[in-house]
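Reading through the structure tokens given below for one structure.
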Amino acid sequence: MAAVNLSNSPITQVSQTPVQTNLQPQLLTRLLLDLRGKRFSVDRENILSLPESVLLCLFPNGLVLSRQSAALSDGGDNDDYEELYGVDFDPDCFEFVLTFFQHAREEFYGTSNTPGLLAAQQQLLEGGSPTSDFGPSPSQNPLLTKQAIIVLREELEYFSIPPKDGKEATDVRGIANDALLDLKRKCGDYLLHKRNIFTALQRNVNKENNLAEQHLIDMLCMSGFDREDEWGYRAMEPSRCCISSIALVLLKTGIVHTTSPVGDRQVTVDYNQMATAQKLLLFWRKPARKCWWDGIEVDLAESGEPERTIKLWARRVWTLELSLV
């Protein structure tokens, strides 16, 4: 059999083009965001630690964390820049969330000068606590190594039903007149100042005798909320009959930090509370939504004016989520 001439083989004649690794996209370390005219420069890690439901509002089309023009990069000093992302989101709400998460992170992990709660919980990770009958072992329980934050958001769209004998109306094109616009503004202002979190849902429970909704309220109040709590941030959306609200609380895990008379920090665990807290892990990276209609009658008459009752319908959408930072 004649020997095969490898030099004439079509396989060996194909030139191999080396892979240019410098064309790989570079990951951004910081993102420059423009939220309705207000700019924020935020670390990538801080962005990724935000709740999934908030990220979906910030980047409904997805978030690209690599520099898109990296293939054109020449490696010079001008490559170290931040790309600007325009975002249609309330800047004050975004700042409220960033501040809360930063304070929670510092309290749990500590700062360069002050140790955090995690340092005192090392004994739990090393098996220094009694064995629990609830959930995974201490070394596998993320509530021991991460700061857990309950995130509750509400999107409220409201619809004002004016009285039949009122001046409020729309033209042939469906555009509201000044009287109807004024009525909508007053209804929005009325709802904006109703800041209690659970009032509307409790009203629906009482009306429909919905046990599932009552259990939701009870679970949230056992996990960190109080029945008289108010929304941490609440504001009208521009040019819309819509109010956005958000409340953030630290998850009550049952881990209690105390200081002994001699100044030593001690950690104990209420495992019944820990079992309740672990139920909230179902909402980690998996936001859950609830929607219902809420109808009320309100009197918008000014002082000294006759009674002016308006029917006000609100479509409320709650989003519940657990974040670990």
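The shown structure was predicted, so the numbers you read here are calculated from the model rather than taken from an experiment. In what follows, residues are counted from 1 in the order of the sequence shown.
No donor-acceptor pair under 3.5 Å is formed between the side chain of Tyr271 and the backbone N or O of Gly254. Without hydrogens or angle criteria, Arg30 side chain to Ser41 main chain gives a donor-acceptor distance under 3.5 Å. In terms of modelled atom types and a separation under 3.5 Å, the side chain of Asn46 and the main chain of Val42 share no donor-acceptor contact. Judged by distance alone, with hydrogens and angles left aside, the side-chain atoms of Gln273 form a donor-acceptor pair with the main-chain N or O of Lys252 at under 3.5 Å.
Using a cut-off of 4.0 Å between Lys/Arg side-chain N and Asp/Glu carboxylate O, Lys286 and Glu52 are scored as not salt-bridged. Between Arg105 and Glu107, no side-chain nitrogen of the basic residue sits less than 4.0 Å from a carboxylate oxygen of the acidic one, so the salt-bridge criterion is not met. Between Glu213 and Lys290 there is a salt bridge, since a side-chain N of the basic residue sits under 4.0 Å from a carboxylate O of the acidic one. Between Lys38 and Glu95, at least one side-chain nitrogen of the basic residue sits less than 4.0 Å from a carboxylate oxygen of the acidic one, meeting the salt-bridge criterion.
Within the 4.5 Å cutoff, side-chain heavy atoms of Gln278 are placed close to those of Leu143. Leu201 has its side chain within reach of Trp292: a pair of non-hydrogen atoms, C-beta onward, lies under 4.5 Å apart. Contact check for Cys221 versus Phe198: side-chain heavy atoms found under the 4.5 Å cut-off. By the 4.5 Å heavy-atom criterion applied to side chains, Leu32 and Asp34 are not counted as neighbours. Taking 4.5 Å as the limit, some side-chain heavy atom of Leu322 sits within range of a side-chain heavy atom of Leu281. By the 4.5 Å heavy-atom criterion applied to side chains, Tyr158 and Leu192 are not counted as neighbours. Counting heavy atoms from C-beta on, the side chains of His257 and Gln121 come closer than 4.5 Å. Counting heavy atoms from C-beta outward, Ile149 and Val325 have side chains that approach closer than 4.5 Å.
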Evaluate the criterion side chain to side chain contact (heavy atoms under 4.5 Å, CB included) for residue pair Val256 and Asp270; output intermediate values, then yes/no.
-> CA-CA 8 Å; Val256 181; Asp270 179 346; 5.5 Å; no
Could you go through the side chain to side chain contact (heavy atoms under 4.5 Å, CB included) check for Tyr85 and Leu58 one step at a time?
-> CA-CA 10 Å; Tyr85 291 83; Leu58 290 171; over 6 Å; no
Start with the C-alpha gap between Thr309 and Glu307, add the side-chain angles, then the distance that decides, and say whether side-chain hydrogen bond (donor to acceptor under 3.5 Å, both in side chains) holds.
-> CA-CA 6 Å; Thr309 302; Glu307 181 178 328; 2.8 Å; yes
Does the side chain to side chain contact (heavy atoms under 4.5 Å, CB included) test come out yes or no for Leu144 and Leu118, once each step is laid out?
-> CA-CA 8 Å; Leu144 299 179; Leu118 180 60; over 6 Å; no
With side-chain hydrogen bond (donor to acceptor under 3.5 Å, both in side chains) as the test, would you mind laying out the steps for Arg153 and Ser53 before giving the verdict?
-> CA-CA 9 Å; Arg153 299 179 60 247; Ser53 57; 4.5 Å; no
Side chain to side chain contact (heavy atoms under 4.5 Å, CB included) between Leu191 and Leu312: does it pass, once the steps are laid out?
-> CA-CA 10 Å; Leu191 290 172; Leu312 186 57; 3.8 Å; yes
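Taking Ile, Leu, Val, Met, Phe, Trp and Tyr as hydrophobic and joining them when side-chain heavy atoms fall under 4.5 Å apart, one finds Val317 isolated, its cluster having no other members. Side-chain heavy-atom separations under 4.5 angstrom define the hydrophobic clusters, and Ile175 shares its cluster with no other residue.
Scored by the side-chain hydrogen bond (donor to acceptor under 3.5 Å, both in side chains) test, Thr199 finds Asn196 as partners (sequence neighbours excluded). Residues passing the ring pair (Phe, Tyr, Trp, His ring centres under 6.0 Å) test with Phe108, sequence neighbours excluded: none. For Arg308, the salt bridge (charged side-chain N to carboxylate O under 4.0 Å, His left out) partners two or more places apart in sequence, or in a different chain, are Glu168. In terms of the side chain to side chain contact (heavy atoms under 4.5 Å, CB included) criterion, residue partners of Thr111 (sequence neighbours excluded) are, by chain and number, Glu106, Asn113, Thr114. Under the side chain to side chain contact (heavy atoms under 4.5 Å, CB included) criterion, Arg36 pairs with Asp88, Asp90, Pro91, Glu237, Pro238, sequence neighbours left out. With sequence neighbours excluded, no residue forms a salt bridge (charged side-chain N to carboxylate O under 4.0 Å, His left out) with Glu297. In this structure, Arg315 has no side-chain hydrogen bond (donor to acceptor under 3.5 Å, both in side chains) partners at least two apart in sequence or on a different chain. Residues satisfying the salt bridge (charged side-chain N to carboxylate O under 4.0 Å, His left out) criterion with Lys186, sequence neighbours excluded, are Asp182, Glu302. For Arg240, there are no salt bridge (charged side-chain N to carboxylate O under 4.0 Å, His left out) partners two or more places apart in sequence or in a different chain.
Few gaps surround CG on Asp171; more than 12 heavy atoms of other groups in view lie less than 6.0 Å from it. Few gaps surround CZ on Arg203; more than 12 heavy atoms of other groups in view lie less than 6.0 Å from it. Residue Met219 qualifies as enclosed at atom CE: its count of foreign heavy atoms under 6.0 Å is above 12. Under a cut-off of 6.0 angstrom, the local environment of NZ in Lys167 is sparse, with at most 12 non-hydrogen atoms contributed by other residues, nucleotides or ligands.
For Trp231 and Phe96, the ring centers sit 6.0 Å or farther from each other.
Between Glu157 and Phe159, the closest heavy-atom pair is O-CE1, 3.8 Å. The two atoms that bring Ala301 and Pro306 nearest to each other are CB-O, 3.0 Å, heavy atoms only. In terms of heavy atoms, Ile310 sits closest to Pro163 at CD1-CD, 3.4 Å. In plain terms, the two heavy atoms of Ala120 and Val267 that are nearest each other are O-CG2, 3.2 Å. Ile197 and Ala247 make their closest contact through CD1-CB, 3.7 Å (heavy atoms, listed as atom of the first residue, atom of the second, distance). Residues Phe283 and Ala288 come closest through the heavy atom pair CE2-CB, 3.5 Å.
From Arg289, atom CZ reaches atom CD of Glu155 across 8.0 Å, with rounding to the nearest 0.5 Å.
Side-chain heavy atoms closer than 4.5 Å link hydrophobic residues (I, L, V, M, F, W, Y) into clusters, and following such links, even through other members, never connects Tyr233 to Leu156. By the criterion of side-chain heavy atoms lying less than 4.5 angstrom apart, applied directly or through intervening Ile, Leu, Val, Met, Phe, Trp or Tyr residues, Leu48 is not grouped with Tyr109; the two fall into different hydrophobic clusters. Met222 is not connected to Leu280 by any chain of hydrophobic side-chain contacts under 4.5 Å among Ile, Leu, Val, Met, Phe, Trp and Tyr, and they are in different clusters. With hydrophobic clusters built from ILVMFWY side chains whose heavy atoms lie under 4.5 angstrom apart, Leu50 shares a cluster with Phe59. A chain of hydrophobic side-chain contacts below 4.5 Å, direct or via other Ile, Leu, Val, Met, Phe, Trp or Tyr residues, connects Leu250 to Val97.
Within the structure, side-chain hydrogen bond (donor to acceptor under 3.5 Å, both in side chains) contacts touching residues 216-226 (residues at least two apart or in different chains) are Gln214-Asp218, Asp218-Arg227.
The closest side-chain donor-acceptor pair between Thr319 and Glu321, if any, does not fall under 3.5 angstrom. No hydrogens or angles considered: nothing links the side chains of Arg44 and Thr29 as a donor-acceptor pair under 3.5 Å.
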